[in-house]
Colleague: 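Mind having a look at this structure? Questions to follow.
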Amino acid sequence: MTRQASPEPADGIASLVRATPAAIALLDEIIAEHGPVLFHQSGGCCDGSSPMCYARGDFILGDRDVMLGTIGETPFYIGAAQYEAWKHTMLTIDVVPGRGGMFSLDNGRERRFLVRSDICRID
């Protein structure tokens with residue numbers, strides 16, 4: 001079962017992100033410790049291939065970053081180039097065992113966020 005993201009992403013894009021209960025539980029744990037956060041998916045190598053979770057204010061969004069939607073009150077952004085590659089997919093944020101990205105707030109919790117994707121539309 002997944003919780004659907006809020007339907008208010010930027011630029012009129014239909015909501016393209018949702019989360020599993022395990023992801024919501026880990027996100028709630030992180031918010032309780034760090035306050036409001038955001039996700040960013042850059043599509044780069046190494047840590048950039050995982051969704052990164054940052055305290056709001058600790059990550060500066062780029063002019064070309066695209067907001068895909070929200071998970072509860074947590075916005076989910078993606079780099080413009082990655083959006084072009086993934087714009088036909090629904091992203092599901094999940095949790096698996098392992099270490100999070102070096103700068104991501106899931107690091108050190110022995111669980112990390114993971115993106116799963118399903119093709120959902122074609123323009």
Side-chain angles (χ1 to χ4, degrees):
M1 174 184 280
T2 59
R3 182 189 315 181
Q4 186 67 37
S6 298
E8 297 296 332
D11 301 320
I13 299 168
S15 181
L16 297 174
V17 65
R18 60 189 175 190
T20 65
I24 291 167
L26 180 55
L27 181 60
D28 288 346
E29 178 183 315
I30 291 169
I31 291 170
E33 185 176 334
H34 295 280
V37 298
L38 64 83
F39 280 106
H40 189 270
Q41 177 83 36
S42 71
C45 70
C46 307
D47 288 348
S49 61
S50 296
M52 303 289 279
C53 183
Y54 301 99
R56 288 192 202 171
D58 284 355
F59 183 82
I60 298 172
L61 293 166
D63 292 340
R64 295 183 32 114
D65 286 333
V66 177
M67 186 173 127
L68 292 183
T70 60
I71 300 167
E73 300 295 318
T74 301
F76 191 98
Y77 295 91
I78 192 167
Q82 189 69 8
Y83 172 72
E84 285 303 313
W86 286 9
K87 66 184 175 184
H88 302 295
T89 62
M90 169 64 73
L91 302 183
T92 301
I93 309 311
D94 201 357
V95 172
V96 295
R99 300 207 65 153
M102 182 179 287
F103 300 108
S104 185
L105 295 175
D106 57 344
N107 192 15
R109 297 172 189 271
E110 302 310 318
R111 294 167 288 156
R112 67 179 184 88
F113 292 111
L114 173 80
V115 169
R116 300 183 191 280
S117 61
D118 298 300
I119 294 177
C120 64
R121 67 184 173 106
I122 297 177
D123 291 337

Colleague: Answer yes or no: is there a donor N or O on one side and an acceptor on the other, between the side chain of Thr70 and the main chain of Gly72, under 3.5 Å?
Modeller: yes

Colleague: Between the side chain of Asn107 and the main-chain N/O of Ser104, is any donor-acceptor distance below 3.5 Å?
Modeller: no

Colleague: Do Arg116 and Thr92 have a side chain donor and acceptor closer than 3.5 Å?
Modeller: no

Colleague: For the hydrophobic clusters of this structure (ILVMFWY residues joined by side-chain heavy atoms under 4.5 Å, transitively), does one cluster hold both Leu114 and Leu38?
Modeller: no

Colleague: Taking side-chain contact (heavy atoms from CB on, under 4.5 Å) as the definition, give me every residue that meets it alongside Ala80, ordered by chain and number, with sequence neighbours left out.
Modeller: Arg64

Colleague: Roughly how far, to the nearest 0.5 Å, is CD1 of Ile78 from CH2 of Trp86?
Modeller: 5.5 Å

Colleague: With salt bridge (charged side-chain N to carboxylate O under 4.0 Å, His left out) as the test, would you mind laying out the steps for Arg112 and Asp106 before giving the verdict?
Modeller: CA-CA 6 Å; Arg112 67 179 184 88; Asp106 57 344; over 6 Å; no

Colleague: Run the salt-bridge test on Glu73 and Arg56 with the 4.0 Å N-O cut-off and return the result as yes or no.
Modeller: no

Colleague: In chain order, what residues pass the side-chain contact (heavy atoms from CB on, under 4.5 Å) check against Ala85, with sequence neighbours excluded?
Modeller: none

Colleague: Are Leu91 and Val96 grouped together when hydrophobic residues (ILVMFWY) are joined by side-chain heavy atoms under 4.5 angstrom apart?
Modeller: no

Colleague: Taking the ring of Tyr54 and the ring of His40, is the distance between their centroids below 6.0 Å?
Modeller: no

Colleague: With rounding to the nearest 0.5 angstrom, report the CG to OG distance, Leu16 to Ser117.
Modeller: 11.5 Å

Colleague: Nearest 0.5 Å, please: how far is CG in Leu27 from CG in Leu105?
Modeller: 10.0 Å

Colleague: For the rings on Phe39 and Phe113, is their centre-to-centre separation under 6.0 Å?
Modeller: yes

Colleague: Just verifying a value: how many Å separate Cys53 SG and Phe76 CZ, rounded to the nearest 0.5 Å?
Modeller: 10.0 Å

Colleague: What heavy-atom pair brings Ile24 and Ala19 nearest, and what distance separates the two atoms?
Modeller: CG1-CB, 3.9 Å

Colleague: Could you give the distance from CG (Leu68) to NZ (Lys87), rounded to the nearest 0.5 Å?
Modeller: 12.5 Å

Colleague: As an exercise, state the distance from CD1 of Ile71 to OG1 of Thr20, rounded to the nearest 0.5 Å.
Modeller: 9.0 Å

Colleague: For the pair Arg18 and Asp94, find out whether any cationic side-chain nitrogen is under 4.0 Å from an anionic carboxylate oxygen.
Modeller: no

Colleague: Tell me every residue that passes side-chain contact (heavy atoms from CB on, under 4.5 Å) with Glu33, counting only those two or more places apart in sequence or in another chain.
Modeller: Arg109

